[in-house]
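What follows is one structure encoded as structure tokens, with my remarks underneath.
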Amino acid sequence: MSQQQVGRDPLRPVRTGPPSPGPDDGASRPGRFVGWLGGLGCVAAGYGVFQFLFQVLPGSLGGQAAQYLIASVSGFGTALAAWLAAALVRARAAEAARPTAPPPPVAAPAPGPLPQVLTAAYDTLVEQVSVVDDPDRGRLTGWSHSLGESTPSRPTSVGTAYGLQIMLDLGMTDGRLTPGELVDTLWRLRLPGGGWSARSQGAEPRPEVTALVLGALARAGVSGERLAQEVDRCTAAFTREHDHAGRESTHVVTTVLRGLLRAAPHCAALPALREALVDGAISDPGRDHLRCWGYRLDPPYGPPSPPHTAQAVVALERAARVLGENAAVRAAREDGVRWLLSCPDAPHHACLDLENAREEVRRPRTDDPARHEVLNVRHFTATWIVRALLSRGALEVARQDGLEDTWRELLDGAVAAVWAGQRDGIWSWGRGDSTELRHPMWMTYQGLAALRGHAVWTYRPDDTTTA
């Protein structure tokens, strides 16, 4: 063993060749030179330059005084530069040796206001659910037409159907309510001869309410076989001979069309209903003769109506996904979208196209044809505009026409109007000139569905938070 190996750490490797340069050696050579220069002393470096210049400068430059001046200034500058360079090298070395602090932790994003609104709506509906033991129909669990009614509320078909759809949208996060209870209640509320009706319509089944209930039951998972008999009864009664007033109402036809597309997508009546809707479109000379819809599908059609046009667009869009569509149907649907995009008013969160509307559907009573049954229908217009503009076909039309900015502006305005109408996730409808407010279930359903649909549409996951 050589003397150099005596006392060597046995775990330390022995170098057999010249030391290999480190990764930063090349980059640090100028720094080592400057440090060496600074190590000689700033004064010594400056004096060396002074002596060198004093000896080499020619005497003809201006005499000995000029030689002294030039050499002195150069020496002083060299000394100052050496001192500054050495100080900079030492500062960089100290900075490099300083431990790097870890980056601050990224705070988790705070939840937005929408989850709070959804939670508040869910809690309100759970608190105000009505449970009634009916001697004829058994235990009923659901809601009446409006929340907070002063008289003891009894579950109705319309209120419970909308409540079921709200719970399905919100996910029914706990066991205080279950879909099975609400589904059973809707079946128990069925009229003796089949079908369902609104509270103001008595014992006469009506297609718009029947289709609404059937659509909610289908969403809750009730099989098509169980729904088939009620679907047949609904379509058999919804003809011009049996329900002329309903067949000429844009609201009724679009409601039946949407409900049956959910409950019975292969129903033979669907193409005829869609054709009637398309044939009922009108031309609006005030908006480049674009086709739109009034409240009626037969003359007199009534003036062009934003809520009815939006309802038609939503129904035709859904029908296109289920049934497909030909060129004529597509043209009518796209005209409806263009009509909505051509709103001339501003600002769009409070434009005339967003004004709520109301209408009456009058039908002769079967027990007394001389008298009429009157169904008061109210339209939460902003929610229908949101749903129509959020359809896939609406965005395609906007992009084709170069109106994507207009589409976004109108959509944002309609969403802002929907948001402004709620308080703790519940929407209210005023009673004419009275300050008294009602809280209809359908309005809360439509408001929550519009906000939820917009949130899903605009969701963009942050790349840093995705797994």
Side-chain angles (χ1 to χ4, degrees), residues 109-128 143 146-148 159 162-163 165-173 305-311 313-314 317 337 340-341 343-358 378-392 394-395 398 403-431 435-462:
L114 182 58
Q116 301 173 12
V117 167
L118 300 181
T119 300
Y122 179 84
D123 291 339
T124 299
L125 264 63
V126 171
E127 291 170 2
Q128 297 198 27
W143 295 269
S146 297
L147 295 171
Y162 280 116
Q165 297 204 66
I166 293 174
M167 291 300 169
L168 293 174
D169 280 347
L170 298 181
M172 303 186 94
T173 55
S305 168
H308 293 92
T309 299
Q311 289 171 16
V313 168
V314 171
E317 171 80 13
V337 171
L340 294 174
L341 292 175
C343 173
D345 198 12
H348 290 296
H349 68 279
C351 62
L352 295 177
D353 275 10
L354 297 181
E355 286 188 353
N356 291 336
R358 58 186 301 167
R378 297 171 177 83
H379 302 291
F380 190 0
T381 304
T383 63
W384 286 111
I385 300 294
V386 171
R387 294 172 69 179
L389 294 180
L390 283 180
S391 64
R392 186 183 311 165
L395 183 55
L403 297 174
E404 193 167 354
D405 290 341
T406 301
W407 170 85
R408 186 174 292 105
E409 183 182 357
L410 289 170
L411 177 60
D412 291 345
V415 171
V418 174
W419 180 268
Q422 59 84 28
R423 182 174 181 180
D424 295 330
I426 303 299
W427 278 258
S428 304
W429 186 283
R431 291 184 173 180
T435 58
E436 184 180 2
L437 298 176
R438 300 188 66 185
H439 312 289
M441 290 289 294
W442 60 265
M443 196 173 189
T444 289
Y445 164 71
Q446 291 179 2
L448 292 174
L451 294 181
R452 179 179 175 273
H454 182 256
V456 172
W457 184 277
T458 57
Y459 175 69
R460 297 292 184 273
D462 189 336

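Bear in mind that the values here come from a model prediction, so they are computed numbers and not experimental data. The analysis underlying the following values was restricted to heavy atoms, covering all of them including side chains, and did not include hydrogens, waters or symmetry mates.
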Rounded to the nearest 0.5 Å, what's the gap from [atom1] on [X] to [atom2] on [Y]? Could you check?
X      : Y      : atom1 : atom2 : result
Met443 : Asn356 : CE    : CG    : 5.5 Å
Asp424 : Gln116 : CG    : CD    : 10.0 Å
Arg408 : Leu410 : CZ    : CG    : 11.5 Å
Thr383 : Leu354 : OG1   : CG    : 10.0 Å
Ile426 : Asp123 : CD1   : CG    : 10.0 Å

Going by side chain to side chain donor-acceptor pair (under 3.5 Å), name the residues that satisfy it together with [X], two or more places apart in sequence or in a different chain.
X      : value
His454 : none
Ser428 : His439
Ser146 : Arg438

I'd like to know if the side chain of [X] and the backbone of [Y] have a donor-acceptor N/O pair within less than 3.5 Å.
X      : Y      : result
Gln311 : Trp384 : no
Asp353 : Cys343 : no
Ser391 : Ala388 : yes
Gln165 : Met167 : no
Thr381 : Pro307 : no
Trp143 : Leu125 : yes

With a 4.5 Å heavy-atom cut-off, do [X] and [Y] have their side chains touching?
X      : Y      : value
Trp419 : Val117 : yes
Tyr445 : Phe380 : no
Ile166 : Met441 : yes
Trp442 : Arg378 : yes
His379 : His308 : yes

Of the non-hydrogen atoms in [X] and [Y], which two are nearest, and what is the gap between them?
X      : Y      : result
Ala455 : Leu114 : CB-CD2, 3.5 Å
Ile385 : Pro306 : CD1-O, 4.1 Å
Trp457 : Arg392 : CH2-CA, 4.4 Å
Asp169 : Ala449 : OD2-CB, 4.2 Å
Leu170 : Tyr122 : CD1-CB, 3.8 Å
Ala121 : Leu448 : CB-CD1, 3.8 Å

Study note, to complete from the structure: The side chain to side chain contact (heavy atoms under 4.5 Å, CB included) partner of Leu389 among Val314, Leu341, Leu395 is Leu341
Review point. Within a radius of less than 6.0 Å around CZ of Arg452, do more than 12 heavy atoms belonging to other residues, nucleotides or ligands occur?
Key: no
